[in-house]
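Since the structure comes first, as structure tokens, the remarks are kept for the end.
None of the values given here were measured: they were computed from a predicted structure. First listed ligand is number 1; within each ligand, the first listed atom is number 1.
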Amino acid sequence: MNLNYKEVPVDAVYSLRHQVLRPAQPLSSCHYKEDKEDSAFHFAALNGKDVVGVSSFYCEPNANLPDGIAFRLRGMAIEPSLQSHGIGTNLLTQAIDICKKAGADLLWCNARVDAKNFYQRIGFKATGGSFNLDGIGEHYLMYRELI
Ligand SMILES: CC(C)(COP(=O)(O)OP(=O)(O)OC[C@H]1O[C@@H](n2cnc3c(N)ncnc32)[C@H](O)[C@@H]1OP(=O)(O)O)[C@@H](O)C(=O)NCCC(=O)NCCS
């Protein structure tokens, strides 16, 4: 499959974000308040016109992490029938380059327990114990230094 990885408008990420990450909640739960901030960008994998992978990034500090300009990753989701084919790795690796060009020193996320290995393989470290996010489940704070 020949996928195209590129920045997309936020409207392009909502459907897959909802289907994969919050199917039991209303679509409005997938409209994050940070989505339209000036620093926000949304990065997707496309198969033709079909959006098959999504991720979103914002400049957002985290007091529990080392100093520096921090970007946050949210809404990382791959179309279910295409998971475990390397698309998430390609998507995140390319988006990290954009974060670096935007001046980020580190990238962090609240990672679902099930996705911990995926992030570790891309160089993220977990810090602290797991914690519960309402309605979504157990997570780890994970980050990767970009310098
Ligand atoms: C987590 C998620 C974003 C990862 O994306 P992905 O495209 O499935 O990830 P990759 O294929 O790049 O890597 C995942 C696995 O496939 C394996 N893999 C990587 N490239 C592969 C390839 N070419 N062929 C087969 N398997 C491959 C990796 O070893 C990895 O194994 P792991 O499950 O132990 O981590 C995706 O599975 C997903 O959307 N999951 C549900 C939602 C979710 O949990 N999102 C994260 C919220 S924090």
Side-chain angles (χ1 to χ4, degrees), residues 1-37 39-66 70-100 102 104-146:
M1 198 184 314
N2 200 6
L3 300 183
N4 186 16
Y5 294 86
K6 63 175 195 177
E7 281 191 56
V8 294
V10 65
D11 289 348
V13 305
Y14 290 140
S15 175
L16 191 61
R17 195 191 266 181
H18 183 238
Q19 178 196 345
V20 176
L21 294 171
R22 300 191 182 203
Q25 297 172 40
L27 182 63
S28 59
S29 74
C30 291
H31 292 211
Y32 308 151
K33 67 175 172 36
E34 303 90 344
D35 276 334
K36 294 188 176 170
E37 282 180 1
S39 69
F41 71 93
H42 308 276
F43 199 68
L46 289 105
N47 182 20
K49 287 187 176 167
D50 294 338
V51 175
V52 298
V54 293
S55 56
S56 296
F57 301 83
Y58 325 91
C59 187
E60 184 177 328
N62 186 314
N64 297 310
L65 295 177
F71 269 55
R72 178 179 181 183
L73 160 64
R74 292 193 74 184
M76 177 88 210
I78 304 300
E79 147 66 33
S81 66
L82 297 175
Q83 290 174 8
S84 293
H85 287 75
I87 299 171
T89 301
N90 287 337
L91 187 68
L92 189 46
T93 304
Q94 293 186 39
I96 283 172
D97 285 340
I98 300 175
C99 292
K100 285 182 183 171
D105 298 311
L106 63 88
L107 177 63
W108 67 274
C109 65
N110 289 327
R112 293 179 183 210
V113 169
D114 287 350
K116 189 180 177 196
N117 286 346
F118 164 74
Y119 290 112
Q120 273 178 337
R121 207 166 276 124
I122 297 173
F124 283 71
K125 292 181 281 199
T127 177
S130 70
F131 56 93
N132 192 266
L133 288 180
D134 247 10
I136 324 178
E138 288 293 301
H139 286 71
Y140 287 98
L141 172 59
M142 297 188 76
Y143 72 100
R144 176 177 146 170
E145 279 162 326
L146 303 184

side-chain hydrogen bond (donor to acceptor under 3.5 Å, both in side chains) with Ser84: which residues, sequence neighbours excluded?
-> none
For Tyr119, counting its heavy atoms only, list the atoms of ligand 1 lying under 4.0 Å from any of them.
-> 46 (C), 48 (S)
If you measure from each non-hydrogen atom of Tyr140 to ligand 1, which part falls under 4.0 Å: side chain, backbone, both or neither?
->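 Looking at Tyr140 and ligand 1, no heavy atom falls under 4.0 Å.
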Under 4.0 Å, heavy atoms only, figure out whether ligand 1 is touched by the backbone of Leu21, its side chain, both or neither.
-> side chain
Identify the residue among Arg144, Lys125, Met76 that makes a side chain to side chain contact (heavy atoms under 4.5 Å, CB included) with Tyr119.
->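 Per the side chain to side chain contact (heavy atoms under 4.5 Å, CB included) rule, the option paired with Tyr119 is Met76, out of Arg144, Lys125, Met76.
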Name of the residue among Thr93, Ile98, Leu92 meeting side chain to side chain contact (heavy atoms under 4.5 Å, CB included) with Ile96 = Leu92
Main-chain N/O of Gln25 paired with His18 side-chain donor or acceptor, under 3.5 Å = yes
Measure from the side-chain N and O atoms of Arg17 to the backbone N and O of Cys30, and report whether any donor-acceptor pair falls under 3.5 Å.
->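 Looks like yes, one N/O pair under 3.5 Å.
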From [atom1] ([X]) to [atom2] ([Y]), nearest 0.5 Å:
X	Y	atom1	atom2	result
Phe41	Tyr58	CZ	OH	10.5 Å
Glu34	Arg74	CD	CZ	5.0 Å
Ser55	Leu16	OG	CG	10.5 Å

Geometry only, no angles: is [X] polar-contacting ligand 1 at N/O separations under 3.5 Å?
X	value
Ala111	no
Gly86	yes
His85	yes
Thr89	yes

Would you check whether Asn110 reaches within less than 4.0 Å of ligand 1, judged by its heavy atoms?
->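 For ligand 1, residue contact (heavy atoms, under 4.0 Å) with Asn110 is present.
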Any heavy atom of Val20 sitting closer than 4.0 Å to ligand 1?
->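 It does, in that a heavy atom of Val20 comes within the 4.0 Å cut-off of ligand 1.
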Any protein heavy atom nearer than 4.0 Å to atom 26 (N) of ligand 1 | yes
Proximity winner for [atom], if only heavy atoms of [options] are counted:
atom	options	value
atom 35 (O) of ligand 1	Arg121, Met76, His139	Arg121
atom 38 (C) of ligand 1	Gln120, Gln83, Glu79	Gln83
atom 36 (C) of ligand 1	Ile78, Ile136, Ile122	Ile78
atom 17 (C) of ligand 1	Cys109, Ser84, Gly137	Ser84

Side chain to side chain contact (heavy atoms under 4.5 Å, CB included) evaluation trace for Phe43 with Val13 = CA-CA 8 Å; Phe43 199 68; Val13 305; over 6 Å; no
Would you sort out whether Leu65 and Leu141 count as a side chain to side chain contact (heavy atoms under 4.5 Å, CB included), showing the intermediate values?
-> CA-CA 9 Å; Leu65 295 177; Leu141 172 59; 4.0 Å; yes
Give me the residue, atom name and distance of the protein heavy atom closest to [atom].
atom	value
atom 44 (O) of ligand 1	Arg112 CD, 3.7 Å
atom 7 (O) of ligand 1	Gly88 N, 2.7 Å
atom 1 (C) of ligand 1	Ala115 CB, 4.0 Å

Taking only residues at least two apart or on different chains, which pairs with a member in residues 107-120 satisfy salt bridge (charged side-chain N to carboxylate O under 4.0 Å, His left out)?
->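 Of all non-adjacent pairs touching residues 107-120, none passes salt bridge (charged side-chain N to carboxylate O under 4.0 Å, His left out).
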